[in-house]
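Chain letters run A, B, ... following the sequence lines, proteins first, then strands; residues in each count from 1. Predicted model, so just to flag it, every value in this text is computed and none were measured.
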There are 4 protein chains.
Amino acid sequence: MNVHSPARSTVEDDIALFRRVRAAMPELAKGLSVEDLAAQSMPDCSPGKWHLAHTSWFFEAMILSREPDYRPVDPRWQTLFNSYYEALGERVERPERGLMTRPSLDEVTAYRREIDRRMIRWLGQGEMDARSRYLFTLGLNHDQQHQELFLMDMLHLMSRSPLEPAAYDREPRSGPVEPARGGETVFAGGLVEIGHDAAGFAFDNEGPRHKVWLEPYALADDLVSNGDWMRFMADGGYTRPELWLSDGWATVKTEGWTAPLYWSRDGESWRVMTLAGPRAVDADAPVRHVSLYEADAYARWAGKRLPTEAEWEHAARTRPDVLSNLFGEVWQWTASAYAPYPGFAPTEGTASEYNGKFMANQVVLRGGAFATSEGHARATYRNFYYPHQRWAFTGLRLAWDQPSESARVTDDESAGFRDDLIAGLSRSPKRTSPKWFYDAAGSDLFEAITRLPEYYPTRQEAALLRAVAPDWAARFGPGATMVEFGSGASEKTRIVLDAAPDLAGYVPIDI
Amino acid sequence: MNVHSPARSTVEDDIALFRRVRAAMPELAKGLSVEDLAAQSMPDCSPGKWHLAHTSWFFEAMILSREPDYRPVDPRWQTLFNSYYEALGERVERPERGLMTRPSLDEVTAYRREIDRRMIRWLGQGEMDARSRYLFTLGLNHDQQHQELFLMDMLHLMSRSPLEPAAYDREPRSGPVEPARGGETVFAGGLVEIGHDAAGFAFDNEGPRHKVWLEPYALADDLVSNGDWMRFMADGGYTRPELWLSDGWATVKTEGWTAPLYWSRDGESWRVMTLAGPRAVDADAPVRHVSLYEADAYARWAGKRLPTEAEWEHAARTRPDVLSNLFGEVWQWTASAYAPYPGFAPTEGTASEYNGKFMANQVVLRGGAFATSEGHARATYRNFYYPHQRWAFTGLRLAWDQPSESARVTDDESAGFRDDLIAGLSRSPKRTSPKWFYDAAGSDLFEAITRLPEYYPTRQEAALLRAVAPDWAARFGPGATMVEFGSGASEKTRIVLDAAPDLAGYVPIDI
Amino acid sequence: MNVHSPARSTVEDDIALFRRVRAAMPELAKGLSVEDLAAQSMPDCSPGKWHLAHTSWFFEAMILSREPDYRPVDPRWQTLFNSYYEALGERVERPERGLMTRPSLDEVTAYRREIDRRMIRWLGQGEMDARSRYLFTLGLNHDQQHQELFLMDMLHLMSRSPLEPAAYDREPRSGPVEPARGGETVFAGGLVEIGHDAAGFAFDNEGPRHKVWLEPYALADDLVSNGDWMRFMADGGYTRPELWLSDGWATVKTEGWTAPLYWSRDGESWRVMTLAGPRAVDADAPVRHVSLYEADAYARWAGKRLPTEAEWEHAARTRPDVLSNLFGEVWQWTASAYAPYPGFAPTEGTASEYNGKFMANQVVLRGGAFATSEGHARATYRNFYYPHQRWAFTGLRLAWDQPSESARVTDDESAGFRDDLIAGLSRSPKRTSPKWFYDAAGSDLFEAITRLPEYYPTRQEAALLRAVAPDWAARFGPGATMVEFGSGASEKTRIVLDAAPDLAGYVPIDI
Amino acid sequence: MNVHSPARSTVEDDIALFRRVRAAMPELAKGLSVEDLAAQSMPDCSPGKWHLAHTSWFFEAMILSREPDYRPVDPRWQTLFNSYYEALGERVERPERGLMTRPSLDEVTAYRREIDRRMIRWLGQGEMDARSRYLFTLGLNHDQQHQELFLMDMLHLMSRSPLEPAAYDREPRSGPVEPARGGETVFAGGLVEIGHDAAGFAFDNEGPRHKVWLEPYALADDLVSNGDWMRFMADGGYTRPELWLSDGWATVKTEGWTAPLYWSRDGESWRVMTLAGPRAVDADAPVRHVSLYEADAYARWAGKRLPTEAEWEHAARTRPDVLSNLFGEVWQWTASAYAPYPGFAPTEGTASEYNGKFMANQVVLRGGAFATSEGHARATYRNFYYPHQRWAFTGLRLAWDQPSESARVTDDESAGFRDDLIAGLSRSPKRTSPKWFYDAAGSDLFEAITRLPEYYPTRQEAALLRAVAPDWAARFGPGATMVEFGSGASEKTRIVLDAAPDLAGYVPIDI
């Protein structure tokens, strides 16, 4: 569900949107027991009850409590359900969230209802300023992020039970996995822009939009599948140090990894724990629950690499049609450390701790998972985890360097370039012929420039040509062959050709 | 409640007893929420739900499953609720008990009911053999042990909540703390016996009964109080390494201990978390939740020591009247490592892992706590914890060495003894006068021996005396003074005195 | 000392160079005791003896052992002095290097001499192929890296001694610290290139050279000083979570950091342990031994940020003259995670493990330290450490965003831009005037392009202008004012002006 | 070498003794390198250099510095070479002893020489008071303890080197291992005394001498051998939890133990690292380097147990002739926790921290090792280590319960006892015949008592018998058979028999 408020949203729209987003997590919790919602299976996880409370707390702490004379629903919840906001005071340490048996699930549900009631009243006042609208939308997006965390944490919890219970009858997802397409797509790169342009909602870490230079590259159209991964394992993937980053190899040995998280041997084949209980591993499905270390090792094994986040985003913007499961299946590890974009400024106020302070030691993932709320992700979305973490719905898509045009020149051309360069650089002052500056992409670009209204030389030349062409044609005489050096897109040539119907031949030459 | 079956118990008695014991833990759980009963606040603790299930499992694993063709209530519970019995197969690691959100509390309650039903049917068959009766009684005692663990664990859990909830309206206990008496009691020691004599139920670790030699010692009639402890703290108790065992001091520094567990500063005074919520520390009440290290440091600070378990047991058997809060307030740390008694043999069968395998690194506590089921403890009972553990209801009673009789002799006597010894040991063969062998305790013992029917010399001498006394008295003449060396208890003297009413005086001399 | 072999090096040059580089570490070890050279003060450090041996092992493993039938000096040293090369077999785990009391320092010295003898013989054969020359130069650079590690490790070791011994009489450094200059320098950025161009030696991680887009930025001309740092500390720098990355703040609390490594309180002032023993902290000197976390927190406190490595390198290439202590004082933390450059390929062969496998979780530092061998560092050099590490000679130089030209436009212009944009984007198809595409940098670039010989329109226009200008001027009449829209660099205008000396005024307009 | 000063020692004796003891450690250090003496291979170990310095420090801190106006050799050594004496101020933490590269070995050797010089001057003053003499002897014994620690630590260090160096050409030991004898010895037990009687030197923890009651027990004459241990291993000793204490089994799993420390597989057989380098395991030699946990598991596997320290000491005092390798091969684990003896008081003054504060969590070992200085150990000596430690020269000797005399009665007697008891305990008041109180040992004791001069009834009865016997004999008539119930030692009977030469038979009956 897309949480962006419509451009001209009415109060009714806002309230309807709020209700829709807030209904999702209780829906996920519906079939689970009080105990299922209370347990914390590892420090990285939180209890379901905590997610239900914390997402309510967020609206209270960020929006409601800004009102003068605001009286909190219960001042004690301020501490209990604060996640990591230092500016908002004391809080329960993350690994101890499972110890909060009080308030009970019933009390949390009541808290949730009361917050919803207050928020709807607040929305009913109409006329939000920009900051309020941002925080409102942030709260909805925050809720959706925790809906996914809720599922991640529930799967981890169920996986730790000897009973391997199914949290749900079927995996909660909005659509089927897309079938693999089998191809690859090349991107020319160049000076592209990535990042959010501030039109519509985005987290602060997605902006500002900024330029990045990309070398030509290619992406696999499909995600790496379980079947691919089994081949990696069969080829000793988890036992060959040369495939691994040094920190990754240390982790493999310390943790005893031999397969993705949740996989276990089942005779000759493999089974995997899912939100719907244990299942046979489906060779065709995208692999899940691999760490950055594993994704990186797999890529090295495959003779490829992970894409940078700029490559991923540029591809996702320009050719979303060719990439299967771009969103909606697994978050895809990139090669990019999670860092601020040039000019990054955190959201002002208490929400400033939302993203920025985590910009160390983590790695960006792009795309979105089957468990991500519909409409929540976007091409500029930057998810992030530590390189050893595996309980998120993580997978990978391979990338590799695409030899640039200049790398494809024939040996002769290459030799000419070398000779020219040596000669030019031996002169004083050194020089190089600008002809070596232009390649296919540059030519395309230049052509486009020449068609801008502001680029008058094209039009002037054309006008001049049209004036003189008949005169030229008259001088050619019949049977002549026109040889043109530096023909470019040959547009001006047409003017001459149109004026010289008797030419015997035309030979355009360009590099 | 005393779980020992009556000497001639009927089936009805057994069933009634079983019902009474089994009703206790559900009663403790009654006011607590599903979440309270599901959480595990540290690896040493277990969830309440687990205690409810495990105590049922114990009856099934130890008794019911011995029946041929027994079909378990649910085979999966065999693994889930096994605590530490290696012989009974796989089990959930202790620190992960809080992750078992399934089965739910409702399912555990149903399991409990079914086990109770089966046990009552089994009891209804009548005629248990000795082994079955032992296991039945063991199961009841095991249930009671977990009732106390239930309370320990619940207090720990509540103490970790920022809300400091009261688990109960009032502290669950059967009687008030006994007021302090203020005295001390001396015990002569000697060759005493400790350990259970196998009459009635005891855990295997309480036997066999065996001889122990005790030097004279004294015990404080009262437990160390919170007021005492605050004086220890005020005197730098937690900051002076010379008071501490080396391992204890390391623990103080690592853990940052500055007070007993659950204490916190409240301005100038102290508050303590209890099962009934936070309370001001009561200076008169016995101190609780101190480790062996702290108890030992306190004793050293007080110029005293902890009693050995043999001293404690001997005192508890011989002078239970003078010692306040001997049972029923706190378990009292002893100086004794938890080790097998001479001739110890674990219970045969799967119950063999009950106690014996823990006989390393732990220390014996004696007595019983306010949270111990009535009738559960006894003078021979050996509780045990690691020296750093504090979450049990632990306190202490001081002991010290009592100078022996020989140490109280005057300097003259001491000199005589020395002279006599030097002279005797200078002879060949060496000799020592037997008169140095007898002290007060020995004299008492000898008197008792002489009153046995088998000790005929007393009676013979008395008969002879009675025969000759009149004749002797006749020879004394009037106004004589009778001086008797080695008068002992002077019983034979009375015969002579009775026969000599005219004596002017009687001077008994003894050492 | 610069270890790059001269372009046309003779055998004698190579041998002389080898001798010079290899003489350095024994020189550093000269005044230290056998024990000083044997101890390992933490897992990150290595014993001095190990450095002496490992740098010799490197030549043997990478160069000498490639010879057919090579017989190692001692096959056991293969294992003992391998650092982290998985492909070269078993090795002693890093934290256990201090346990290698054998071979003794004398034996290591003999090993070193023998390797030097063999290397000189190998060099004497003359005619190295490119790969051999690379490995030879790599070995020399590797040796120099360990010369610096030697000093880092020695300082750490001395700092752990209660005696605080001076490892050296004076700090081993080649020149004095440069005095601070007090300014800042602005860089326009744009599409720049960074990375090594493969001319001369570089580590594999420095290449390939590649394009990076930089927004305008500024750098402080000076390093952050101890005095600056003391102001940060006085302002609560180590106690304010809002200044820190989340992982950094957790480290501050866990490690109890309150100052840079090696600092200790000395009454009201601070002292610092150095290679020359304890010293008062010099407020003017650049701060050393701070982690990335501290550097980042300092920058946030100062309202600035750390430079990216591309910014640093671009600045260092283009304006080395204005930046004090660019090299030679401390390694300067950047904001860039240590990651492969686009197209990175590790050195082939066993040296492939040299750099690439460490490209996770570490952060790039640029510059060089006082302890870095002269000539070893260069503008493209990428040093790297984990964000919590402090024992290297690390410091920082601040950076900040430079508002771009377009950001300096007046409010009116800004309003015009907004209006234009809104209007254009409301049309279908949407459009934007290309005039908004050009800013100062773009204009400069375009001017430069128009001066290329290949850009004939400029020349053609000029020629045409020169032809028609006299005619135009004639038509102006006297006292006319020429108003020119879109004057650009006004070069063509001059032609007209030259032809029209009677103009009363000239008003060029451009944006 | 026995360090006890002769009863009437002269100054010359003391000085000679001092020189002898002090010469030992430098002798052990002689063949080792500076590095060997500087490294610390684990926190439990100390560098050899540290042992050399600390044992000198001990004399300075405990003896020399008691002199008024004493000027320490170097005040800094006070901190550096203090081991664990809190009262003597700051010290270097144990795990950091290997970081003290300064002072150098040469400086330590000089320190050692200076302390020796000062001590000899001090000894030359003659006339020590008792306290000084105790501290002097303590210092010598302390030196010897560290001589053994020196060897333990050196072996551990060498074992961590991939080179497996031999610290010595041959194992430093004073005599050969004694061959196994193959038997077992029974001890009647009873009320025995253990502990040091304060005649001659002992550590404070060996006293006071005190009574202990022992049940009958048996000891193996021999130590458990490597061959025995290999059978234990072959029988799954390290993989069967039922053989292990709970803490022991946890350690086996955590540490991955599969054999004693220093053992490694060598094809089908085993090799072991020794002070003389790696050797094949000698099946006949006593096993070494096993922890208490392993010793305990072995004993359980063998159907036996470890002796208590009282059993060991009583056996060692009363039957040292039958027990092989009682001293001089390995320290033998006992079943006794290291605890204060009744009435234990630490040595007064700074030496009070020597032993007492370690009386928690450790276990007593008795005997002595091949590496123990000759004459250093004695029957009362209490060595102690944590139950998981294995780097000391530790082994074991098995013990088991010996059925008491009463346990040997025939089944008939047993039945009679049972019947009598049931009958007696059914009466009110309950009674038991005293005849069941006496067993063989008791009878012997009673006989001995009756022979004391103070026990007049024997003499009186004998005198009476002698008076009446002729009269009785006259009444027997010829051919009579005298049947005597309760004959005891039959001494009084002889009086009657002597007086009745005509008796046809005599039938003594006793139980």
Side-chain angles (χ1 to χ4, degrees), chain C residues 29 31-43 45-50 52-53 74-82 89-109 111 153-167 273 277, chain D residues 29 31-43 45-50 52-53 74-82 89-109 111 153-167 273 277:
Chain C
L32 299 166
S33 71
V34 176
E35 288 106 322
D36 291 339
L37 295 170
Q40 177 177 30
S41 58
M42 66 164 171
C45 292
S46 297
K49 188 174 76 175
W50 187 89
L52 287 163
D74 189 318
R76 299 171 303 168
W77 303 170
Q78 304 302 100
T79 295
L80 291 191
F81 300 122
N82 179 0
E90 288 295 303
R91 60 203 179 283
V92 171
E93 290 299 318
R94 183 183 196 115
E96 307 210 343
R97 289 177 184 165
L99 302 187
M100 285 187 284
T101 64
R102 319 278 179 103
S104 68
L105 180 59
D106 283 347
E107 290 174 286
V108 163
T109 304
Y111 173 51
D153 294 355
M154 209 50 66
L155 174 54
H156 190 264
L157 175 63
M158 295 298 160
S159 81
R160 300 296 298 278
S161 169
L163 303 180
E164 299 189 309
M273 179 66 184
Chain D
L32 299 165
S33 72
V34 176
E35 287 108 322
D36 291 340
L37 294 169
Q40 178 177 29
S41 57
M42 67 164 170
C45 292
S46 298
K49 187 174 78 174
W50 188 89
L52 287 162
D74 189 320
R76 299 171 303 167
W77 302 171
Q78 303 302 99
T79 295
L80 292 191
F81 299 122
N82 179 359
E90 288 296 303
R91 61 200 178 286
V92 172
E93 291 299 317
R94 184 185 196 111
E96 308 209 342
R97 288 177 184 166
L99 302 186
M100 285 187 283
T101 64
R102 318 279 180 102
S104 69
L105 180 59
D106 283 347
E107 290 173 286
V108 163
T109 305
Y111 174 50
D153 294 355
M154 210 49 66
L155 173 54
H156 191 264
L157 176 62
M158 296 297 160
S159 80
R160 300 297 297 279
S161 169
L163 302 181
E164 297 189 311
M273 178 65 181

For [X], is it the side chain, the backbone, both, or neither that has a heavy atom closer than 4.5 Å to a heavy atom of chain D?
{"X": "C:Leu105", "result": "both"}
{"X": "C:Leu99", "result": "both"}
{"X": "C:Pro103", "result": "both"}

query = Given the rule in the side-chain contact (heavy atoms from CB on, under 4.5 Å) test, do D:Met158 and D:Ser161 qualify, once you have shown the distances and angles that lead to the verdict?
reply = CA-CA 5 Å; D:Met158 296 297 160; D:Ser161 169; 5.7 Å; no

ask   = Which bit of D:Leu32 comes within less than 4.5 Å of chain C, counting heavy atoms only: side chain, backbone, both or neither?
value = side chain

query = Under a 4.5 Å heavy-atom cut-off, does chain C meet the side chain of D:Gln40, its backbone, both or neither?
reply = backbone

message = Donor-acceptor check, side chain of D:Glu107 to backbone of D:Ser104, threshold 3.5 angstrom: yes or no?
response = yes

query = What's the spacing between C:Met273 CE and C:His156 NE2 if we round to 0.5 Å?
reply = 11.0 Å

query = Which of parallel (below 30°), tilted (30 to 60°) and perpendicular (above 60°) describes D:Trp77 and D:Tyr111?
reply = perpendicular

message = Heavy-atom pairs under 4.5 Å with chain C - which of D:Arg76, D:Glu90, D:Met100 has more of them than the others?
response = D:Arg76

note = Of the listed D:Gly98, D:Ser41, D:Ala39, the one with the largest count of heavy-atom pairs under 4.5 Å with chain C is D:Ser41

key: Residue of the set D:Lys49, D:Arg97, D:Arg102 for which salt bridge (charged side-chain N to carboxylate O under 4.0 Å, His left out) holds with C:Glu35   = D:Lys49

key: Verdict with supporting geometry, D:Met154 and D:Leu37, side-chain contact (heavy atoms from CB on, under 4.5 Å)   = CA-CA 8 Å; D:Met154 210 49 66; D:Leu37 294 169; 4.1 Å; yes

